[in-house]
Amino acid sequence: MLEFMPLVLFAVICIVLMFGYPVALSLAGTALAFAGLGMGLEAMGVDAHFDGGYLSAFPNRLYGIMTNQTLLAVPLFVLMGVLLEKSKVAETLLDAMALLFGSMRGGLGISVTLVGMLLAASTGIVGATVVTMGLMSLPTMLKRGYSVPLATGTICATGTLGQIIPPSIALVLLGDVLSSAYQQAQLSMGIFSPKTVSVGDLFMGALVPGLLLVVLYIAYVAFISWWKPEAAPPADRKELMEELGHTGGIGLLLLKGMVPPIVLIVAVLGSILGGFATPTEASAVGAFGALMLALAYRRLSFKVLGEVLRSTVNVTTMVFLILIGAALFSLVFRAYGGEELVTGLFEGMPGGVVGATIIVMLVIFLLGFILDFIEITFVVVPIVGPILLAMGVDPIWLGIMIAINLQTSFLTPPFGFALFYLRGVAPESVPTSAIYRGVIPFIVLQLAMLTALAFMPQLATWLPDQF
């Protein structure tokens, strides 16, 4: 029984988190409790398979977290996203897209998808995107006679694009963890001049699958509007302009609403993909550009700035506290021999590396019901990542597969986080069952993308190989 303590530790962590306790404290507290148990048993002469020497590495781990240049991008990307949200730049963008496409069947759904893509690229946080799009676009879509499942499904699905569309915070964190896992895997194979994988590589790898998902979403909305015209009727452009409160020319609104955010996102991504800046440097450019946009739109007051900074500090401290708790959990897990146990389990699985990858993806998918992407990235990926990478899995492909897998998990009833976020802001007249029905086609599309990536890894690896 004691040789399976790493699995018991992992199960207890999941149970504690399901009770709703703070993630960082749950990780650290449970890990310390199991460390105390292990040292106590060893002191009594019981072989608990626990090596307390691993805990001496914790100060170095903590120092490494605090001095990690890659993780510096997290608060800056959060600042960029919150600025664009609080200064209502996203609202202006949605109005512009609605006026551009709203007069065609399915036009509002296409507008929501495109704005959700741009908002995902700017915020990178699923909850923020779903809530913002739900508050801004759901009332308009329902008022224009859109099918409730189509409207809610489109909003939920586009909200989860924050997992995969760069520059995503999820990809920043995942890239940092996979980089360490890749180096660890190569050292275990006797490669003492290991190759590296960067956050920029993961951004490039995510670009093609992310854009393909957007195309699939738009194609689905266009198909439904053709097959069932009553589900996505066109809107009258004049009425829409009056409803949105815009009396000027549509060209001016499009110029004002679309060009600045798109230029900002292209500048951030272009500087990374072109090799002109690291993700950390590009995040500073994005934060400064979002600040300039808020000033240009005259929507940056001291009150708004205070809210933006508080939100940024809250999210950043949450991320780093979880990372510290996860570092302690990882050390205790390894002290119990968890790495060797998981390696043995993977090597004994039927199907070799394919079977192991399928099991890992299934476990991550199920954990996505109860854990956020941050916990999964910091707790699960450091355990399974080095093992899969040592078995020959491409790190960029693995990162994109995990991101889309989590994106699908956050969308799947009955526990998907995106569904809870939309339920919280949707009118009471919108039944929960309609939200569940609406996301099913988008889940199918995301599973199709996962399948395509499994059979064609080049979708994720081709662009990084060009640089």
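For this chain, numbers begin at 1 and follow the sequence in order.
Side-chain contact between L114 and I218 is present, with at least one heavy-atom pair separated by less than 4.5 Å. Between T160 and Q446 the shortest side-chain heavy-atom distance falls below 4.5 Å. Side chains of L213 and Q407 form a contact here, defined as non-hydrogen atoms less than 4.5 Å apart. In this structure, F329 and T30 have side chains that are not in contact, with every pair of non-hydrogen atoms separated by 4.5 Å or more. Side-chain contact between V380 and F10: present, with at least one pair of heavy atoms (C-beta onward) separated by less than 4.5 Å. Contact of the M80 side chain with the L264 side chain is registered, since non-hydrogen atoms from C-beta on lie closer than 4.5 Å. Side-chain atoms of I164 and L161, non-hydrogen and from C-beta on, do get closer than 4.5 Å to each other. T113 is not listed as a side-chain neighbour of Y220, based on a closest heavy-atom distance of 4.5 Å or more.
S283 contributes a side-chain N or O that, together with a main-chain N or O of T280, makes up a donor-acceptor pair within less than 3.5 Å. Within the 3.5 Å criterion, the main-chain N or O of F34 finds a donor-acceptor partner in the side chain of Y336. Between the side chain of S330 and the main chain of A326, no donor-acceptor pair closer than 3.5 Å is present. Side chain of S409 to backbone of N405: no donor-acceptor contact under 3.5 angstrom is found. A distance-only check finds a donor-acceptor pair linking the side chain of Y146 to the backbone of L108 [under 3.5 Å]. Formation of a donor-acceptor pair under 3.5 Å by the R437 side chain with backbone atoms of L150 is not found in this model. At distances below 3.5 Å, at least one donor-acceptor pair connects side-chain atoms of Q186 with backbone N or O atoms of Y182. A donor-acceptor pair under 3.5 Å is formed between the side chain of D201 and the backbone N or O of S198. Using a distance-only test at 3.5 Å, with no hydrogens or angles considered, a donor-acceptor pair links the side chain of S271 to the main chain of V268. With hydrogens and angles ignored, the 3.5 Å screen pairs a side-chain donor or acceptor of E281 with a backbone N or O of T278.
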Item to complete: Under the ring pair (Phe, Tyr, Trp, His ring centres under 6.0 Å) rule, what do Y217 and F442 come out as? Steps first, then yes or no, please.
Response: CA-CA 7 Å; Y217 290 174; F442 293 97; 5.2 Å; yes
Worksheet entry | Intermediate values then yes/no, side-chain contact (heavy atoms from CB on, under 4.5 Å), M361 and L398 | CA-CA 10 Å; M361 289 299 158; L398 180 62; 3.7 Å; yes
Item to complete: Give the intermediate values and the outcome of side-chain contact (heavy atoms from CB on, under 4.5 Å) for residues L453 and I400.
Response: CA-CA 9 Å; L453 271 172; I400 305 309; 3.9 Å; yes
Worksheet item: Stepwise, does the side-chain contact (heavy atoms from CB on, under 4.5 Å) test hold for F77 with L171?
Response: CA-CA 12 Å; F77 276 135; L171 293 178; over 6 Å; no
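Across all their heavy atoms, A206 and P209 have their closest contact at O-CD, 3.5 Å. For P464 against I396, the heavy-atom pair with the smallest separation is CB-CD1, 3.7 Å. Residues V221 and G106 come closest through the heavy atom pair CG1-O, 3.6 Å. Taking all atoms of both residues into account, the shortest heavy-atom contact from A185 to P386 is CB-O, 3.3 Å. Taking every heavy atom of both residues into account, V208 and L459 meet most closely at CB-O, 3.5 Å. Listed here is the closest heavy atom pair of I322 and L27: O-CD1, 3.9 Å.
In this structure, CD1 in I358 is found 9.5 Å from CG in L362, a value given to the nearest 0.5 Å. The CZ atom of R105 sits 11.0 Å away from atom CD1 of I110, with the distance rounded to the nearest 0.5 Å. Note: L447 CG to T412 OG1 = 7.0 Å, rounded to the nearest 0.5 Å. Taking CG from D394 and OG1 from T461, the interatomic distance works out to 6.0 Å, rounded to the nearest 0.5 Å. Here the OG atom belonging to S179 is positioned 11.0 Å from the CG atom belonging to L174, to the nearest 0.5 angstrom. The structure places CG of L212 at 10.0 Å from CG of L207, a figure rounded to the nearest 0.5 Å.
Relative ring orientation between F223 and W226 is described as tilted, the plane-to-plane angle lying within the 30° to 60° band.
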